[in-house]
Colleague: 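Questions regarding the structure given below will be posed in turn.
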Amino acid sequence: MCGIIGVTGAGPASRLLVEGLKALEYRGYDSAGIAVQEGDGLVILRRAGKLAELEAAVAELAPFGEVGMGHTRWATHGGPSERNAHPHVDSKGRVAVIHNGIIENHAELRAELAAEGCEFRSDTDTEILAHLVASRLAAGDDLPAAVRTTARRLAGAFAFVIQSADHPGMLVAVRHQSPLVLGVGEGASFLASDIPALLAHTRTMMPLDDGDVAVLTPAGIEVTDLDGTAVVRPTKHINWDPVQVQKGGYKHFMLKEIEEQPAAVSATMSSRIDDGTGSIRMEALDALGDRLARVARMTFVACGTSWHAGLAGKFYVENLTDLAVDVDYASEFRYRATQGGPDHLIVPITQSGETLDTLGAMRDVKAQGSPVIAVCNVPESSAMREADATILTEAGPEIGVASSKAFTTQLVALYMLALDLAVRRGCLTHEEAATRIVPLRRLRYAMEGALRHADQVRAVAHRFADAADFLYLGRGVNYPIALEGALKLKEISYIHAEGYPAGEMKHGPIALIDANLPVVVVATPGRVYEKVLSNIEEVRSRDGIVIAVCEEGDERVKSLADEVLEVPAVDEDLSPIVNVVPLQLLAYYIAERRGCDIDQPRNLAKSVTVE
Ligand code: AGP
């Protein structure tokens with residue numbers, strides 16, 4: 001959703017702001033803008049559409065001021081247009097604001113300002129902030145005090161940044177349930193909604209807590225609470241390499257990230273396997289201490305692709321342990337009657353660590369006494385900082401909006417969590433668990449093998465790039481992979497696709513099958529292999545087109561399918577992690593063939609920070 005960047009003291013701000021906004025493009029946006037101090041005033045440049053529009057405007061005007069802020073907007077209140085693009089300013093153009101999230105009581109504040117004679121120039125919930133801060137400044141507050149007083153009046157989940165022409169060199173930022181991280185430089189201070197936007201300048205970051213107000217100047221950063229009491233927020237070194245957020249010669253981040261998966265899954269497992277004993281140690285389980293012994297049930301809560309990982313996680317935990325597992329959409333779970341408690345382990349799964357529904361669910365169950373282990377890919381994200389224990393997936397920054405390497409590393413993390421839980425609960429011996437480590441360690445080679453079939457996948461993609469609909473089928477641990485394959489195709493190619501458990505096909509979707517419908521079936525060996533072959537027969541006998549994901553050299557599947565996407569042989573438990581690779585590539589090559597904007601698909605945001 002909206003992206004925020006700010007800088008003071010690092011040289012001319014406008015170029016850094018545009019570069020920072022480019023690093024935030026992946027969040028999804030429909031307009032963009034910057035504010036830069038110029039002389040004793042503020043230059044505001046805003047454009048609807050892609051960043052290139054704003055970049056051209058900035059290049060033409062070339063503002064030279066050294067303090068400024070930039071924003072990419074994903075419309076919530078007011079349509080996508082230049083009029084609604086941030087920054088917004090007060091009536092005199094002396095105070096500017098950029099904002100992420102939603103001000104829930106904006107209508108009443110707007111009415112109050114209108115009654116005082118304020119004229120609005122946008123349809124957003126954001127603009128009130130500039131007017132409110134300006135009126136506090138007129139009443140004699142200094143800038144930080146004016147911002148704090150304004151912030152105390154707001155309801156909702158938000159982060160915003162204020163810049164005033166009368167306070168040169170200074171940015172004042174507020175975080176309340178919407179991500180905001182500060183960057184510490186030499187003689188310069190930075191802020192952003194996401195870490196990747198700052199990596200080019202510093203890896204020393206200062207994450208903020210909810211209710212923090214930060215004052216940034218070139219001399220440093222001071223943080224207070226909303227009442228002005230100073231608080232200390234420690235800095236953290238972020239291990240991500242700036243190179244990881246560059247395309248590195250690839251046409252799209254998504255393809256780069258698909259190809260990074262073998263290394264990403266290895267990185268996720270390596271520090272958690274003891275080479276000496278061959279055992280797995282998930283520190284997150286240690287971190288729960290005595291609370292772990294009380295756990296009698298478990299629920300994965302997540303959204304989108306991460307929810308698909310949860311479905312596979314259920315399969316793993318239920319197969320390996322004695323625990324009953326539920327998987328729920330975070331947005332549904334939050335509003336159910338039955339939620340947490342000390343015997344109910346909750347595992348939120350979130351790539352970004354900032355998905356509002358997942359965070360909301362997590363906060364609710366924590367308050368009810370549940371132990372919470374977050375599986376997350378972004379260090380210092382809200383999920384990582386608020387959970388009782390964490391499992392960091394080591395995918396590195398994922399920029400493509402459509403998740404790929406974050407998903408496969410989630411699957412690895414969940415499999416390892418299940419194995420360790422199984423040993424701790426006495427459901428597996430150390431020796432039994434250790435026999436599963438060797439195939440796990442070899443997983444990267446199977447993924448590399450799957451990637452070597454990219455030409456085969458591309459040919460199939462080109463054959464079906466004009467199809468109007470797709471059906472994806474899978475069973476058991478590969479049912480979530482059918483869902484994930486369909487989601488990938490929908491997200492980046494805009495082709496309608498549905499994923500189903502193959503056994504459910506007869507109960508409705510079979511009516512869709514005709515000679516025009518490509519049906520993608522995950523048909524690798526395992527306990528439901530024969531059943532899946534029967535499902536393929538059912539599709540064939542209704543003239544459906546079968547595209548099967550199968551093990552290399554599987555002649556039975558080859559004889560039944562119209563097209564195959566081959567993958568190397570692996571254990572059934574690990575097969576989803578390999579089988580999803582050709583489905584990611586299939587979606588990618590179809591979207592590429594259709595000329596879609598693969599890294600920033602329409603209407604989508606990388607991290608969904610509103611309900
Ligand atoms: C994945 O391709 C999607 N963009 C989306 O479904 C995503 O998985 C979902 O929004 C959850 O995000 P999170 O993992 O950051 O919480």
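Just so you know, ligand 1 is whichever comes first in the structure, and atom 1 is the first atom listed for that ligand.
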Colleague: I need the minimum non-hydrogen distance between S403 and K488, along with the two atoms involved.
Modeller: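 What the structure gives for the nearest pair is O-NZ, 2.9 Å.
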Colleague: Excluding sequence neighbours, so at least two apart, what forms ring pair (Phe, Tyr, Trp, His ring centres under 6.0 Å) with F253?
Modeller: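 Testing F253 for ring pair (Phe, Tyr, Trp, His ring centres under 6.0 Å), a comparison that skips the adjacent residues, returns none.
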Colleague: Is the centre of the W74 ring less than 6.0 Å from the centre of the Y29 ring?
Modeller: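 Between Y29 and W74, which both carry aromatic rings, the centre distance is not below 6.0 Å.
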Colleague: Does at least one non-hydrogen atom of V401 fall below 4.0 angstrom from an atom of ligand 1?
Modeller: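 The answer is yes: ligand 1 sits under 4.0 Å from a heavy atom of V401.
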Colleague: Indicate yes or no: at least one non-hydrogen side-chain atom of P379 is less than 4.5 angstrom from one of M384.
Modeller: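 No. Closest side-chain heavy atoms not under 4.5 Å.
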Colleague: Could you list the atoms of ligand 1 found under 4.0 angstrom from a heavy atom of T350?
Modeller: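 Counting from 1, the qualifying ligand atoms are 13 (P), 14 (O), 15 (O), 16 (O).
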Colleague: Could you check atom 12 (O) of ligand 1 against the protein and tell me its nearest heavy-atom contact, residue, atom and distance included?
Modeller: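 Here the nearest protein heavy atom works out to T355 OG1, 3.5 Å.
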Colleague: List ligand 1 atoms under 4.0 Å from S403, heavy atoms only on the residue side.
Modeller: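 Every atom of ligand 1 under 4.0 Å from some heavy atom of S403: 1 (C), 2 (O).
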Colleague: Under the criterion salt bridge (charged side-chain N to carboxylate O under 4.0 Å, His left out), which of R272, R281, R291 is the partner of D286?
Modeller: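 It is R281, the one option of R272, R281, R291 that forms the salt bridge (charged side-chain N to carboxylate O under 4.0 Å, His left out) with D286.
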Colleague: Please work out whether the ring planes of F190 and H201 are parallel, tilted or perpendicular, with thresholds of 30° and 60°.
Modeller: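 It falls in the parallel class, under 30°.
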Colleague: Do we see a donor-acceptor contact under 3.5 Å between the side chains of E257 and Q584?
Modeller: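 No, no side-chain donor-acceptor pair sits under 3.5 Å.
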Colleague: What is the nearest protein non-hydrogen atom to atom 2 (O) of ligand 1, stated with its residue, atom name and distance?
Modeller: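 For this ligand atom, the closest protein heavy atom is E491 OE1, 2.7 Å.
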Colleague: Determine, stepwise, if the pair K22 / E19 fulfils salt bridge (charged side-chain N to carboxylate O under 4.0 Å, His left out).
Modeller: CA-CA 5 Å; K22 282 184 187 169; E19 291 307 314; 3.5 Å; yes
Colleague: Which of the numbered atoms in ligand 1 are below 4.0 angstrom from a heavy atom of S306?
Modeller: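 Every atom of ligand 1 under 4.0 Å from some heavy atom of S306: 8 (O), 13 (P), 14 (O).
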Colleague: With the threshold set at under 4.0 angstrom, would you say K488 reaches ligand 1 through any of its heavy atoms?
Modeller: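 Distance cut 4.0 Å: K488 passes for ligand 1.
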Colleague: From the options S404, S352, G304, select the one whose nearest heavy atom is closest to atom 15 (O) of ligand 1.
Modeller: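 Answer by nearest heavy atom: S352.
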Colleague: Using a 3.5 Å cut-off on N or O atoms only, is Q351 in polar contact with ligand 1?
Modeller: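 In this structure, Q351 places an N or O atom under 3.5 Å from an N or O of ligand 1.
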Colleague: Counting non-hydrogen protein atoms only, what is the nearest one to atom 1 (C) of ligand 1? Give residue, atom name and distance.
Modeller: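 Answer, as residue, atom name and distance: T305 OG1, 3.1 Å.
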Colleague: So between C303, A587, A302, whose heavy atom ends up nearest atom 9 (C) of ligand 1?
Modeller: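 Nearest option to atom 9 (C) of ligand 1, by heavy atoms: C303.
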Colleague: If I compare all heavy atoms of M298 with all of L417, which pair ends up nearest, and what's the gap?
Modeller: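 It is CE-CD2, 4.0 Å.
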Colleague: In terms of residue, atom name and distance, what is the protein heavy atom nearest to atom 10 (O) of ligand 1?
Modeller: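 Its nearest protein heavy-atom neighbour is V608 CG2, 4.1 Å.
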Colleague: Suppose I only count heavy atoms of A402 and a 4.0 Å limit; which atoms of ligand 1 are within that range?
Modeller: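 Here the atoms of ligand 1 in question are 2 (O).
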